[in-house]
K.L.:
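Got a structure for you, written out below as structure tokens; questions coming shortly.
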Amino acid sequence: MGLLQSINSPQDLKKIPSSQIPALAKEVREFLIDKVSKTGGHLGPNLGVVELTIAIHRVFDSPKDSIVWDTGHQSYVHKMFTGRLDQFSELRKKDGISGYPARSESDHDIVENSHASTALSWADGIARAHEQTGELKDRHVVAVVGDGSLTGGMSWEALNNIASQIHRPLVIIVNDNGRSYSPTIGGLSTHLAALRTNDMYEKVLDWGKETLLKSPIGRPVFEALHGMKKGIKDVLAPQGLFEDLGLKYLGPVDGHDEDLIENALQVAKRFNGPVMVHVITEKGKGYTPAIEDEAEKFHATGVINPSTGKPINSGVTTWTSVFSDELVAIGKERNDIVAVTAAMLGPTGLDKFAQQFPDRIYDVGIAEQHATTSAAGMAFGGLHPVVAVYATFLNRAFDQLLLDVALHNAGVTFVLDRAGITGDDGASHNGIWDLSILQVVPNLMLSAPRDSATLRELLRESVKVNDRPTVLRFPKGSIVPPIPAIERIEGVDVLVKQGEEDILLISIGAMAHVAVDVAQRLSDQGIGVTVVDPRWIKPLPKYLAKLAANHRLIAVVEDNSRSGGTATGISQFLRDKNIYTPQRDFGIPEMFLQHASRAQVMSEIGLTAQDISREIIEAIARLDNAMSEKIKKN
Ligand SMILES: Cc1ncc(C[n+]2csc(CCOP(=O)(O)OP(=O)(O)O)c2C)c(N)n1
């Protein structure tokens, strides 16, 4: 690892002779495979951007120049060249480096948001700021956006703005590997493919590289040729969408030929306006198991055996796989069920549905807003769409859910995977806001299954509702062992009933196993406890009010922000019924959670059975004291 170890900053990288770049790229790939196979992470995307990242840091001057990575999952190589090489053993671990750019780690990192399609807006804003402060000529702004992230609506809103300011320099690098997780879909990807597969154009590039770069005057001539490409391109491929928008288009450039990319970026850097450099890369480049993985090219992986690419912990049943199988079963019974994904067919478990019903699956690209409103249209047309997204990405589509789906009483089922604390992907990947934002949506029905049986059951109940939206949320990872109810009363599952009616523990979804553990600890202390799972948490079952009135203290346990979540909904529901039983809310404090394992985060914020039972015991002791004081006074 000689070359790589010698690089602590972009300045060091600039000193490496061009002839040694292929050897450096090889070292980077070996390093990535070695480290990411042990920690898990976005291996495929990073293997694809090795030469691109090298070229960016050799041509531009970060952090004076701003480099904005869209989504940020492909920033590992950037981290390696900006002083964090020795921290990769702790990638995505508590107190280790994040899997995304992080301002706390480096001045070279700008955008921490792991939600896609924001880079162009960020870059536009930074360039506007440079213009205001008079730094536009000295400080370049570079946005790196994947062809997948380019399908998101925000990218197009930004392009519309960027293209209208032809005097404002801004370099947009489209990292086109033809894929999001799976192949990118839609008209844009067809357009990129048309640009990409222009043989004659490639030949021009090859000729440029082979002949011109070898001669002493070759480089300037070659760069001029790049500048001329528009003309060539227009002749060969008249569908110049980006040029029609007003952007200078450069490319396509072979994204694994560092020399060529450097050249294109030099031209782009000197161009005095917005310019798009179209770079063609291969996801998983240099790693056979990734190349052979037709489904996702190792987009994101867990811990794997580096030589085979096989997962170390395989074969567990996940919440996702239970949903996946049940939806296929439902699909066989009902032709009106269709499924919608925003570029996440495999991760949401819709791949099985797609295989079984290829005509009833819609991959809309990274377009959660469009997915939601389009689903409203499908419901209007007589279908029952099931929109499967990660809980955190539903944030994007709140307005569409509120006003296109709920206002129109559309029978759409949203399935929110990765709800609650997801842990190692850091702040923006946690699904801890859905129960709060959904509380305010009129007509909406919301449920949270606690195990596989309730997941299947609630999914079936959800898709039966055709006159309003239903939402089902469950967490990441392997499913918990079954937690059977002792009885179901008026829709409420009673999970534990021990001793007097002291504590009513209302457990939301997958927190049931924690609630049952808390109950055991309380009853060990002689405190009576009833644990219930309301199953439907919006609207709340009326029977909950009856139970609340009969207990001395209510405790709500949920895997969501404490602000505005289910606990807030429950206390309002009870007050409206004139029930004033004291209530304690256990959930996630209103904060952004740093990356760590789920268990570490839970323990840090006090969402463990031990913490919760201790607080309940203290609360009931205080109530008892207050009561005995009152008795004494009388
Ligand atoms: C709003 C949003 N939806 C979904 C995702 C999940 N996601 C992460 S990366 C990715 C694919 C990105 O594709 P692309 O931009 O082409 O980058 P590549 O991984 O191919 O380099 C998706 C869908 C996300 N990060 N943000």
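Note: hydrogens, waters and symmetry copies are ignored here, and every other heavy atom, side chains too, is used. Atoms within a ligand are numbered from 1 in the order they appear, just like the ligands themselves.
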K.L.:
To the nearest 0.5 Å, tell me how far Asp434 CG sits from Phe393 CZ.
P.N.:
13.0 Å
K.L.:
Can a donor-acceptor pair be found between the side chains of Asp147 and Thr184 at a distance below 3.5 Å?
P.N.:
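Present: a donor and an acceptor within the cut-off.
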K.L.:
Where the side chain of His408 meets the backbone of Leu403, is there a donor-acceptor pair that is under 3.5 Å apart?
P.N.:
yes
K.L.:
Tell me whether the NZ or CZ atom of Lys283 lies within the 45° cone about the ring axis of Phe298 and under 6.0 Å from its centre.
P.N.:
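No - Lys283 does not lie over the ring of Phe298 by the 6.0 Å and 45° rule.
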K.L.:
Looking just at side-chain N and O atoms, do Asn560 and Ser436 make a donor-acceptor pair shorter than 3.5 Å?
P.N.:
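Yes, because at least one side-chain N or O of Asn560 sits under 3.5 Å from a partner of the opposite role on Ser436.
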K.L.:
Decide whether Thr413 and Thr470 meet the rule of one side-chain donor and one side-chain acceptor closer than 3.5 Å.
P.N.:
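The answer is yes; a qualifying pair exists.
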K.L.:
What short N/O contacts, under 3.5 Å, does ligand 1 make with the protein, listed by atom pair and distance?
P.N.:
from     : atom 1 : to     : atom 2 : distance (Å)
ligand 1 : 3 (N)  : Glu368 : OE2    : 2.6
ligand 1 : 15 (O) : Ser149 : N      : 2.9
ligand 1 : 15 (O) : Ser149 : OG     : 2.6
ligand 1 : 16 (O) : Asp147 : N      : 3.4
ligand 1 : 16 (O) : Asp147 : OD1    : 3.4
ligand 1 : 16 (O) : Gly148 : N      : 2.7
ligand 1 : 16 (O) : Arg179 : O      : 2.9
ligand 1 : 19 (O) : His73  : NE2    : 2.7
ligand 1 : 19 (O) : Lys283 : NZ     : 3.0
ligand 1 : 20 (O) : Asn177 : OD1    : 3.2
ligand 1 : 20 (O) : Asn177 : ND2    : 2.9
ligand 1 : 20 (O) : Arg179 : O      : 2.9
ligand 1 : 20 (O) : Lys283 : NZ     : 3.1
ligand 1 : 21 (O) : Asn177 : ND2    : 3.3
ligand 1 : 25 (N) : Ser114 : O      : 2.9
ligand 1 : 26 (N) : Ala116 : N      : 2.9

